[in-house]
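As the structure is a computational prediction, the values presented were derived from the model and not from experiment. Every chain is numbered from 1 and lettered A, B, ... according to where its sequence line falls, protein lines coming before strand lines.
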Number of protein chains: 2
Amino acid sequence: MQIGEVAARTELSLRTIRHYEETGLVAPSARSRGGFRLYTETDVARLMVIRRMKPLGFTLDQMRDLLDATDRLDADTPLRADEREALLERVRTYQREAAAQVEKLRVQLSRAEDFEGTLRARLERDAHTDRA
Amino acid sequence: MQIGEVAARTELSLRTIRHYEETGLVAPSARSRGGFRLYTETDVARLMVIRRMKPLGFTLDQMRDLLDATDRLDADTPLRADEREALLERVRTYQREAAAQVEKLRVQLSRAEDFEGTLRARLERDAHTDRA
DNA sequence: CTCTACCCTAACGTTAGGGTAGAGTTGTTG
DNA sequence: CAACAACTCTACCCTAACGTTAGGGTAGAG
């Protein structure tokens, strides 16, 4: 399928999808004779994974690194034990960072709720404090 | 107090505090003869407000605009009724946007938790899937 | 003085895309 | 087959919110 449909399904912009390709995150599986990007379901799934990762605040480079690690762990080609261990350690590092980021998001959310509440309270106060 | 202590207390970086000044968000109440920025408790409080606003994803321009509105509502100088109403409407708009943003944050948080869980589950699986 | 810990400005770098221009491609009509 | 709408391409410039040097000045203790 072409980029437009992918964009619709992933809710990512065309620009974003192309940008992900530029930085090596997700390349279309093929191109049409005319040069149009052609994506498979697998490509779309990968974009979905990235979309789920986005709120974790990883940079695109980190995401590429992580995806690369899991791809190689999932590949059919067997790995040497130490290679495998190194990849797992990389994934573990990201998992720890992800957990930390989840905590940060909780803090952010509560700050945001707090601020929104303050703002609303203030408006209610102002509503019947007619000092004009 | 000087910028370093302000940074420590607000958990904002020196660069960030200076940047806020550059864009007209919070200016230090004074400067030392040598040119050091000198902040009062009030300045720090304002920075704290901004820090609470940050997770809401407002731009610095919007924050300046909102702070400006609340400042003028809180000022001692009385306002014409229509001016006051205009300011309140501005604040209301931001409050609505804040509420929307809180919703977004909730979605992000749940996506992040989801992803972190996936990653952890995967690591547990890998841990005893010794195919090396 | 002089030393150390701070602080200053100026200016370019980075990240994750947004937007636009100008040109080519696809698939559908008449 | 030509014409056409809808879509896509590359290339390039733009933005926000800081980070990061570089090169220097300041506060105050000893």
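Each end of the helix from C:dC1-D:dG30 to C:dG30-D:dC1 gets its own axis, taken as the rotation carrying the C1' atoms of four end pairs onto the next four within a five-pair window, and the two axes meet at 10° to the nearest 10 degrees.
Ion pair A:R31/A:E21 flagged as a salt bridge, since at least one NZ, NE, NH1 or NH2 atom sits closer than 4.0 Å to an Asp/Glu carboxylate oxygen. Between B:E85 and B:R92 a salt bridge is recorded (basic side-chain N to carboxylate O distance below 4.0 Å).
Counting any heavy atom pair closer than 4.0 Å across all strands shown, B:S13 reaches sugar-phosphate atoms only and no base atom.
In this structure A:S32 satisfies the side chain to side chain contact (heavy atoms under 4.5 Å, CB included) test together with A:F36, A:L38, sequence neighbours excluded. Among residues two or more places apart in sequence or in another chain, the salt bridge (Lys or Arg N to Asp or Glu O under 4.0 Å) test is passed with A:E83 by A:R80.
At a threshold of 4.5 Å between non-hydrogen side-chain atoms, the residues B:M63 and B:L66 do not count as touching.
Here the closest non-hydrogen pair linking A:D43 and A:S29 is OD2-OG, 2.8 Å.
Projected onto DNA chain D by closest heavy-atom contact, B:Q2 and B:L14 fall at different nucleotides, the more 5' of which corresponds to B:L14. Comparing B:L60 and B:S32 against DNA chain D, the residue whose closest nucleotide sits nearer the 5' end is B:L60. Comparing A:H19 and A:R33 along DNA chain C, the residue whose closest nucleotide (by nearest heavy atom) sits nearer the 5' end is A:H19.
Pairs of residues two or more places apart, or lying in two chains, that qualify as ring pair (Phe, Tyr, Trp, His ring centres under 6.0 Å) and include a residue from residues 85-126 of chain B are B:F58-B:Y94.
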Please list, one pair per line, the donor and acceptor atoms closer than 3.5 Å that link side chains of residues 95-104 of chain A to other protein atoms, with sequence neighbours excluded.
residue : atom : partner : partner atom : Å
A:Q95   : NE2  : B:E116  : OE2          : 2.6
A:R96   : NH2  : A:E89   : OE2          : 3.3
A:E103  : OE2  : A:R106  : NH1          : 2.5

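On the nucleic acid side, DNA chain D has its first and last nucleotide under 4.0 Å of a heavy atom of chain A at D:dC7 to D:dC12, going 5' to 3'.
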